[in-house]
Protein chains: 2
Amino acid sequence: MQIDEVDQRIIASLVADARSSYAEIGSRVSLSAPAVKRRVDRLRAAGVIRGFTTVIDPAAVGWNTEAFVELFCTGRTTPTQITVATRRHPEVVAAYTVSGEADALVHLRAADIAHLEQALERLRAEPFVTSSRSMIVLSRLVDSPTVVPAPS
Amino acid sequence: MQIDEVDQRIIASLVADARSSYAEIGSRVSLSAPAVKRRVDRLRAAGVIRGFTTVIDPAAVGWNTEAFVELFCTGRTTPTQITVATRRHPEVVAAYTVSGEADALVHLRAADIAHLEQALERLRAEPFVTSSRSMIVLSRLVDSPTVVPAPS
DNA sequence: CGTGAAATTCTTTTATG
DNA sequence: CATAAAAGAATTTCACG
């Protein structure tokens, strides 16, 4: 899909504050509110804008422990298998297939260390997992939300 | 801060759609719009709600490559040093200090492999980095936004 | 593509239990 | 803490250039 500079600025504005009004965005990009709405609708329909969400402090709602787990899998494990398996675990925030030593990297979030240990055990019990290596997050140093510059 | 079940449902609703109206949220949690607004204001003031943002398809705006880099640092590297250093790199989406072999884990996003390689070189050139291990993301299997259940 | 205007709906304040 | 009512904005549709 074609995205012009105005779209980019609208996106940047919505990333910074998803609840700002179309009129407010319009004043920043020199467009009327209906024009902004039409562009946003188009960007949503095209899948550029996936949705609007709220950033919550995980600790405030009881998630105090995070970890990244490298999974080593059996030879003929498919990405789909890993997907369906990891999705079953509510502690899985994200999962990726990766190049390097490991086959997949899983981002976990748990209430506490005990909960994390439990989730880890469950994950490692998946039949295609041959071994794993965990990194428990000690502190989050940087956490940028979805950024939207225009890479040259 | 104290969060009751109604707050939790309001949060869940806002995480699912940050642009839904207070009236709509209110109808889901059996509350009037002003009551919802007051709770949201309180949750924002308390830092439970950090903000409202928009989820963008990275590829649609030119970010096609992702990687996780484990950093191994010199003995007396502080988290603050890693923070300020990684923040300087626009490709850094997130950074964590971690337990395990590595000292830090850095999540990078770049336009393409060439850009990623460049960013990696820059990162590895930081004086406190003794070595690194990269995992290039082949595919994103799972990507849940900030979830908000009530961990028992 | 864009704007302006009109109708509807939401937000937000204030008063009140 | 909640609701209700009222004023002010915003959303959304529509006609039009």
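Sequence lines set the chain letters: A, B, ... in the order given, protein chains first and strands last, and positions in each chain run from 1.
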Return all side-chain donor-acceptor pairs below 3.5 angstrom for residues 136-143 of chain A, not counting sequence neighbours, or 'none' if the list is empty.
{"residue": "A:Ser139", "atom": "OG", "partner": "B:Thr97", "partner atom": "OG1", "Å": "2.9"}
{"residue": "A:Arg140", "atom": "NE", "partner": "A:Glu66", "partner atom": "OE1", "Å": "3.4"}
{"residue": "A:Arg140", "atom": "NH2", "partner": "A:Glu66", "partner atom": "OE1", "Å": "2.7"}

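- With hydrophobic clusters built from ILVMFWY side chains whose heavy atoms lie under 4.5 angstrom apart, A:Val55 does not share a cluster with B:Val55.
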### Query
Please, what dot-bracket string fits DNA chain C when only Watson-Crick and G-U pairs with both distances under 3.5 Å count, crossing ones use [ ] and pairs to another strand use |?
.||||||||||||||||

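- Under a cut-off of 6.0 angstrom, the local environment of CZ in A:Arg124 is sparse, with at most 12 non-hydrogen atoms contributed by other residues, nucleotides or ligands.
- Applying the side-chain contact (heavy atoms from CB on, under 4.5 Å) test to B:Glu117 and every residue at least two apart in sequence or in another chain returns B:Glu121.
- There is no path of hydrophobic side-chain contacts, each under 4.5 Å, that joins A:Val98 to A:Ile82.
- Side-chain atoms of A:Arg39 never come within 3.5 Å of backbone atoms of A:Pro34 as a donor-acceptor pair (strictly under, hydrogens ignored).
- Scored by the ring pair (Phe, Tyr, Trp, His ring centres under 6.0 Å) test, B:Phe68 finds A:Phe68, A:Tyr96, B:His107 as partners (sequence neighbours excluded).
- No side-chain donor-acceptor contact under 3.5 Å links A:Ser99 to the backbone of B:Met135.
- In the 5' to 3' direction, nucleotides of DNA chain D lying under 4.0 Å from heavy atoms of chain A begin and end at D:dA10 to D:dT13.
- Salt bridge present: B:Glu24 and B:Arg28 bring a charged side-chain N and a carboxylate O closer than 4.0 Å.
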### Message
One character per nucleotide, please: for nucleotides 8-13 of chain C, 5' to 3', B when the base has a protein heavy atom closer than 4.0 Å, S when only the sugar-phosphate does, - otherwise.
### Response
--SSBB

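- Residue B:Arg42 is classed as having no contact, given no heavy-atom separation below 4.0 Å to the nucleic acid.
- Between the side chains of A:Thr83 and A:Thr80, no donor-acceptor pair of N or O atoms lies under 3.5 Å.
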